[in-house]
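Take a look at the structure set out below.
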Amino acid sequence: MRAVDLITKKRDGGELSKQEIDDLVQGYTDGTIPDYQMSAMAMAIFFRGMTPDERANLTMAMVHSGDVVDLSPIAGVKVDKHSTGGVGDTTTLVLAPLVASIGVPVAKMSGRGLGHTGGTIDKLESVPGFHVELDNDQFIDLVNRNGLAVIGQSAHLTPADKKLYGLRDVTGTVNSIPLIASSIMSKKIASGADAIVLDVKIGDGAFMKSIEEARELAACMVDIGNRVGRRTIAILSDMSQPLGYAIGNALEVKEAIDTLRGNGPDDLTELCLTLGSHMTVLAGVAATQAQARTMLEQSIASGKALEKFKTFLSAQGGDASVVDEPSRLPTAAYQIEVQAKRSGYIAAIAAESVGVAAMMLGAGRVTKESQIDLSVGIILHKKIGQAVHEGEAIATIHANRAEIDDVREKIYESIVINDDVITSPNLLAGEIS
Ligand code: URA
Ligand code: CA
């Protein structure tokens, strides 16, 4: 095989065979195919797209480029959840203990945040003592014992994707649906998932800005999953404003605790119940969505879900007393209100831009090496469509510096107030299975 022949084939609209895709991915991973040829291929794919077979073959070639986690020592169907981007997305923190509390095994590999999107591991590490440095046996043992464990992403998972994603980032080829879909699916499959629930976000804070694009990405991932023997379903959810009210690591842990207690924001609670119901049905723990939802609601009401969160935190070295005393979580020195400059109705809360404001406070990483401040962030007080009076607090900044004019300005830029009432966007915009 010569790489140039594969590039011209794709450039001219041809279909690559499984063997050709395997050779390409292997050659790129081991360095025999250089970045400049892979860049040309990514651009050819960007313009020509990929057939369903090509997408599935690319996904599995990337899965086999590195370690594949074997979760077979854990009984039951291992269902993983993935959200595509999003700001202040606290769902994993809520969902993992919630579904585990009714018997769905959760063996979760998670990442750290970069830029304005937070990572589940960073959030969990705001619980004093909590750590994710478990070896594989400990990880499996904890899931078997408690039904739930979270571990950091193995460095040897899907190296082909790691390399290709880095290349796409600097060659204008990130926004290709087959490349995004195979990238995400390869990581889920290599992490050992038997079944996958996808939460594809639409809107300002997400990769996909329109519902049409989001639906196409979702359909593409569902098709890949089902072709390679992993039952996959996707829901489409709104990211035209941040989910919940909290953006920032410890602040989101507190919001997750409130939600597990049944006092969480409506949108976060609804999304967790929806995603959780799908996970429960795919795991075979409930027969129908409705039955699953009732089980999850009962687990919140009885305190079982919150109990499971405590067990999980303690098992990984965390101080579970934060659940009953959230003041033990890292707390910022200053809490500063941002007041509405005018009366009216909230018309927009640009999620990405609010995420950037939180990052400016130190909640997110500018580079992979940045230290983050777990205590800082932003609590919003409004949702799209709500009325607001001049001088009323629309957000509270949690900061470790007294001078926060830059962050306040960023929040003013993010939140638009108009004279006219606008209807709040629907949280759930569809489902693909
Ligand atoms: N997230 C990924 O993991 N890969 C992509 O290509 C895009 C988003
Ligand atoms: Ca949130």
Side-chain angles (χ1 to χ4, degrees), residues 21 24-25 28-29 35 38-39 41-47 49-50 54-63 65-69 80-87 89 91-92 108-121 152-193 196-210 213-225 228 230 232 234 236-237 239 351-352 355 364-365 368:
I21 289 175
L24 183 77
V25 171
Y28 183 55
T29 309
D35 278 349
M38 200 60 184
S39 307
M41 179 59 88
M43 191 59 84
I45 292 171
F46 181 92
F47 283 113
M50 290 186 114
E54 284 179 315
R55 301 182 310 220
N57 289 331
L58 175 60
T59 302
M60 292 315 284
M62 294 202 292
V63 168
S65 69
D67 291 351
V68 179
V69 179
D80 204 353
K81 187 269 315 183
H82 180 81
S83 300
T84 63
V87 174
D89 187 347
T91 50
T92 302
K108 183 96 191 143
M109 275 204 166
S110 236
R112 293 183 190 279
L114 185 60
H116 67 275
T117 38
T120 297
I121 290 183
Q153 228 150 49
S154 144
H156 306 290
L157 212 69
T158 59
D161 171 65
K162 212 165 282 169
K163 223 176 150 183
L164 181 57
Y165 197 12
L167 188 69
R168 287 164 53 211
D169 204 26
V170 293
T171 56
T173 51
V174 167
N175 258 318
S176 151
I177 284 179
L179 292 178
I180 296 173
S182 53
S183 167
I184 292 171
M185 292 300 286
S186 69
K187 283 177 285 220
K188 293 288 116 181
I189 293 166
S191 312
I196 300 160
V197 175
L198 299 162
D199 172 20
V200 178
K201 311 265 187 207
I202 315 154
D204 180 77
F207 270 101
M208 298 293 128
K209 310 291 177 199
S210 74
E213 282 178 311
R215 190 172 283 130
E216 197 182 334
L217 176 63
C220 185
M221 291 192 285
V222 167
D223 180 73
I224 290 172
V228 302
R230 268 70 169 186
T232 303
L236 307 179
S237 76
M239 243 301 143
E352 183 167 345
R365 286 188 185 76
K368 276 186 195 151

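Side chains are part of it too, since the values below use all heavy atoms of this structure and drop only hydrogens, waters and symmetry mates. In each ligand, atom 1 is the first atom listed, and ligand 1 is the first ligand listed.
Considering all non-hydrogen atoms of both residues, Arg168 and Ile180 come closest at NH2-CG1, 3.6 Å.
Asp161 has no carboxylate O lying under 4.0 Å from a charged side-chain N of Lys163, or vice versa, which leaves the two without a salt bridge.
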Give every pair made of an N or O atom of ligand 1 and a protein N or O atom lying under 3.5 Å apart, one pair per line with both atom names and the distance to 0.1 Å, or write 'none'.
residue	atom	partner	partner atom	Å
ligand 1	3 (O)	Ser183	OG	3.4
ligand 1	3 (O)	Lys187	NZ	2.5
ligand 1	4 (N)	Ser183	OG	2.6
ligand 1	6 (O)	Arg168	NH1	2.9
ligand 1	6 (O)	Arg168	NH2	2.8
ligand 1	6 (O)	Ser183	OG	3.4

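In terms of the side-chain hydrogen bond (donor to acceptor under 3.5 Å, both in side chains) criterion, residue partners of Lys108 (sequence neighbours excluded) are, by chain and number, Asp80.
Between Asp199 and Thr84, the closest side-chain pair of non-hydrogen atoms is not below 4.5 Å.
Rounding to the nearest 0.5 Å places CE of Met208 at 11.5 Å from CG of Leu236.
Inspection of the Lys81 and Thr92 side chains reveals an N or O donor paired with an N or O acceptor under 3.5 Å.
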